[in-house]
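I have placed the structure first, in the form of structure tokens, so that the comments after it can refer back to it.
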Amino acid sequence: SRKCPTREWSLHDFDMGRPLGKGKFGRVYMVRTKDPKYILALKTLYKSEIVQNRVEKQIRREIEIQQNLRHPNVLRLYGYFHDEKRIFLMLEFAGKGELYKQLSKHGCFSERRSARYIDQMADALIYLHGKHVIHRDIKPENLLLGINGELKIGDFGWSVHAPGNRRMTLCGTLDYLPPEMVEGKEHNEKVDYWALGVLTYEFLIGNPPFEDRNSVSNTYRRIAKVDLRFPSNVSAEVQDLISRLLQYDPQRRLPLTEVLTHPWIVRHRPQGV
Ligand SMILES: COc1ccc(C(=O)Nc2ccccc2)cc1NC(=O)CCSc1ncnc(N)c1Br
């Protein structure tokens, strides 16, 4: 079939809207294409910062990986363009914004809401791992919500091709790191299984399982020891799921396909799905 011409985009093609948030490397704006009128999120990355952080190679690799990703629970990267100072990423606009804002507003989510998010996360991760993409940075701050409340894995600042063992500057929170990364060992896509367990815990309880707000080294220790404790009001069923994901040995972590068939997930699936 005739290949659609990949036209060169430029800032002149857009009407600028409101700022959506401040990412690690730049600002994100809600924008609309002029003709046809199409809403999307435009992320600006400053080349100066990228060069300083020596991530230009990574960005190029990221962009080519992500332009080929198509999944309802993975935020689309439609394309990109650049001017002399900046790189612009043309992203899908997530109509209900950042999930972590909902989490901090509510404190924690109900079992039903948590199970539906984890169901969607597992589906998205199966897809990404099928493309040999490990996300490596799953946490509430990187999740967005579509206009119908569907979850979207929304930020890929650190995804790599499996298996990776690049030294990762621990810029963000440690709470989601698995023992093998805390111990600087070789890691593979099973790091995302661990993070899914941490995410499930945080959705239900409101804080990650190994958090120690006063001591980073104690958080490390608790992760390496898998020092997992549940408050009383957590159902035995979801304790089972979380415990099967938060296994020290990556090989013993519950396969994502078995997350989708776990009773806690199945019980909360919307009727007829
Ligand atoms: C596919 O989504 C991405 C793909 C790539 C990168 C990225 O920065 N890569 C990268 C940057 C530097 C170095 C290496 C990689 C970032 C995103 N995503 C984002 O930045 C999310 C922007 S916030 C937002 N987006 C839509 N709707 C909303 N309502 C909001 Br709020």
Side-chain angles (χ1 to χ4, degrees), residues 9 14-33 37-83 85-105 117 120-121 123-125 127-129 131-162 164 166-172 192 195:
W9 289 90
F14 302 96
D15 292 319
M16 297 303 282
R18 66 183 174 88
L20 284 175
K22 183 148 178 35
K24 315 185 209 344
F25 286 84
R27 284 191 169 285
V28 185
Y29 292 89
M30 182 175 180
V31 301
R32 188 181 64 189
T33 53
K37 289 186 173 32
Y38 191 76
I39 299 273
L40 44 87
L42 194 67
K43 181 166 196 175
T44 60
L45 302 167
Y46 287 91
K47 286 182 180 176
S48 57
E49 279 194 20
I50 285 163
V51 170
Q52 273 158 15
N53 290 277
R54 286 193 311 284
V55 290
E56 65 273 12
K57 247 192 336 299
Q58 188 200 344
I59 272 222
R60 242 183 277 284
R61 191 173 54 237
E62 288 265 321
I63 287 171
E64 80 207 19
I65 295 171
Q66 284 165 38
Q67 280 194 292
N68 301 318
L69 298 181
R70 300 273 193 290
H71 188 280
N73 302 117
V74 175
L75 196 76
R76 279 292 306 283
L77 169 66
Y78 297 122
Y80 71 103
F81 57 95
H82 60 97
D83 62 17
K85 286 201 180 58
R86 297 163 295 185
I87 295 175
F88 298 92
L89 303 182
M90 295 161 65
L91 306 171
E92 174 186 358
F93 170 65
K96 282 214 166 76
E98 297 172 271
L99 179 140
Y100 88 91
K101 287 187 177 167
Q102 301 268 333
L103 186 57
S104 36
K105 188 171 95 180
Y117 285 156
Q120 295 170 72
M121 277 301 292
D123 211 42
L125 289 174
Y127 173 78
L128 290 175
H129 292 172
K131 299 254 178 188
H132 307 295
V133 173
I134 323 175
H135 189 276
R136 284 198 349 159
D137 198 11
I138 290 162
K139 55 187 176 186
E141 293 78 3
N142 286 343
L143 303 177
L144 298 170
L145 292 169
I147 196 65
N148 300 315
E150 72 279 24
L151 182 139
K152 303 247 177 203
I153 298 183
D155 198 337
F156 289 76
W158 290 104
S159 57
V160 289
H161 257 108
R166 284 173 333 101
R167 279 292 313 139
M168 177 184 156
T169 54
L170 304 181
C171 51
D192 288 341

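In listed order, ligands and their atoms are each counted from 1.
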Residue [X] vicinity, atoms of ligand 1 by number, heavy atom under 4.0 Å:
X: Q66; result: 1 (C), 4 (C), 5 (C)
X: F93; result: 27 (N), 29 (N)
X: E92; result: 26 (C), 27 (N)
X: E98; result: 31 (Br)
X: G154; result: 2 (O), 3 (C), 17 (C), 18 (N), 19 (C), 21 (C)
X: V28; result: 22 (C)
X: A41; result: 25 (N), 26 (C)

Over 12 foreign heavy atoms within 6.0 Å of CZ, F93: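 Counting other residues, nucleotides and ligands, CZ of F93 exceeds 12 neighbours.
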Heavy-atom neighbours of Y38 OH exceed 12 at 6.0 Å: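 No, the 6.0 Å shell around OH holds no more than 12 heavy atoms from other groups.
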Test item, K152 contacting ligand 1 (heavy atom, 4.0 angstrom):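 Judged by the 4.0 Å heavy-atom criterion, K152 does not count as contacting ligand 1.
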Heavy-atom closest contact (D192 atom, H135 atom, distance):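 Heavy atoms of D192 and H135 come nearest at OD2-N, 2.8 Å.
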Where A41 and E92 come nearest, the two heavy atoms and their spacing: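 That closest heavy-atom pairing would be CB-O, 3.9 Å.
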[X] side chain near [Y] side chain, heavy-atom distance below 4.5 Å:
X: Y80; Y: E62; answer: no
X: L77; Y: M90; answer: no
X: I153; Y: N73; answer: no

K139 with D137: basic N within carboxylate O range, under 4.0 Å: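 D137 and K139: salt-bridged.
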[X] and ligand 1 - part of the residue with a heavy-atom distance under 4.0 Å:
X: L75; answer: both
X: M30; answer: neither
X: V74; answer: neither

K43 N/O to ligand 1 N/O under 3.5 Å: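 By distance alone, the answer is yes.
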Heteroatom proximity flag, A94 to ligand 1, N/O under 3.5 Å: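 Among all N and O atoms of A94, at least one is under 3.5 Å from an N or O of ligand 1.
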Parallel, tilted or perpendicular, as decided by the 30° and 60° cut-offs, for the rings of Y127 and H71: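 Judged by the thresholds at 30° and 60°, the geometry between H71 and Y127 is tilted.
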From the candidates L145, L20, L144, the one that places a heavy atom nearest atom 25 (N) of ligand 1: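 Residue with the shortest heavy-atom distance to the ligand atom: L144.
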